[in-house]
Number of protein chains: 2
Amino acid sequence: MNSSKKRRLQRHGWAVADAAEFLNLTPREAQFVEVKLALAAGVRRMREQRGITQAALAERLGSSQSRVAKMEAADRSVTLDLIMRSLLAVGATPGDIAKLIRRVEPHRA
Amino acid sequence: MNSSKKRRLQRHGWAVADAAEFLNLTPREAQFVEVKLALAAGVRRMREQRGITQAALAERLGSSQSRVAKMEAADRSVTLDLIMRSLLAVGATPGDIAKLIRRVEPHRA
DNA sequence: TTGTTTTATGTCAGATTAGACATAAGGCCA
DNA sequence: TGGCCTTATGTCTAATCTGACATAAAACAA
């Protein structure tokens, strides 16, 4: 991980970690973060595919553009609830969502 | 839905609805609630399968028995975040979680 | 370049959820 | 019946998250 991204993440409260660094977190927490990242990335991808701006999505959600930006960045201040609502708001089906989650690497037992 | 359950849900702040009644909620909100219910039910099922008590799960989560009870009831005061962490805490894999979500009925477009 | 649109970041007050605790209720066994 | 274990419900305060706003940065045209 490059150090500027690292600093940015740390500013937002993440225990910065990838691959080996994930050892800072418990395996379960690391997995949780991965799920969150995967779903947030799904929101961005589907939103862009549909040509919807963050502001437009925010309006559908009754939220704000800044929050959508933070959500897509999987900022610590964003709950899975908002991410899930966003997925549904961009038209993701349960099947789409399931697919995003299934791709997350299971952690070694 | 029987009326006692209905009353119980209403006490907890849910706009009570199933099938036709879901028309109270926007389709997206109804879908969100269904996802939440499905995942919460998954926690209960997997926890029971493994013979773990709510108190034991709470300890793994650094939470309390009462919160786990509310979570399994998909109480309004419980976020998807806690439900997701719980699934991982009872050993659900991303595949397991994906399966729970995929079963949710997509709402008619 | 300049202007326009979109996205990113920072902050805040108000709303919501958190874990904790007490206690009721249910289930089970002797 | 009486204990014992487990789950359910209600209620606190502290912690966290929310939408909103301002503004910076980036992306893209003209």
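Letters go in sequence order (proteins before strands), and every chain restarts at 1. What you are looking at is a predicted structure, and each value in this text was computed from that prediction instead of being measured.
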task: Check whether any side-chain nitrogen or oxygen of B:Arg76 sits under 4.0 Å from OP1 or OP2 of D:dT9, and answer yes or no.
output: no

- prompt: Hey, does the side chain of A:Arg44 come within less than 4.0 Å of C:dA8's phosphate (OP1/OP2), counting only N and O?
  reply: yes

- prompt: To the nearest angstrom, how far is B:Arg67 atom CZ from D:dT13 atom C1'?
  reply: 13 Å

query: How about B:Val33 and B:Leu37: do any of their side-chain heavy atoms sit closer than 4.5 Å?
result: yes

query: Think B:Gln54 has a side-chain N or O under 4.0 angstrom from the OP1 or OP2 of D:dA8?
result: yes

message: Tell me whether the side-chain N or O atoms of A:Ser64 pair up with the base of D:dC21 as donor and acceptor below 3.5 Å, since no angle test is needed here.
response: no

query: Does a salt bridge link B:Glu29 with A:Arg85, judged by any charged N lying under 4.0 Å from a carboxylate O?
result: no

- request: Give a yes/no on whether any side-chain N or O of B:Ser66 is located under 4.0 angstrom from OP1 or OP2 of D:dG10.
  value: no

- prompt: With sugar-phosphate meaning primed atoms plus P, OP1 and OP2, does B:Val68 contact a base, only sugar-phosphate, or nothing at under 4.0 Å between heavy atoms?
  reply: nothing

- request: State whether the number of non-hydrogen atoms from other residues, nucleotides or ligands found under 6.0 Å of A:Arg28 atom CZ is greater than 12.
  value: yes

- prompt: Do A:Lys70 and D:dG19 have a side chain to base donor-acceptor pair shorter than 3.5 Å?
  reply: no

- request: Please state how far atom CD in B:Glu59 lies from atom P in D:dT6, giving the value in whole angstrom units.
  value: 13 Å

- line: note: B:Arg47, atom CZ; D:dT6, atom P; distance rounded to Å ~ 10 Å

query: Taking CE from A:Met71 and P from C:dG10, how many angstroms apart are they, rounded to a whole number?
result: 18 Å

- prompt: When the nearest nucleotide of DNA chain D is assigned to B:Asp81 and to B:Glu48 on a heavy-atom basis, which residue is associated with the more 5' position?
  reply: B:Glu48

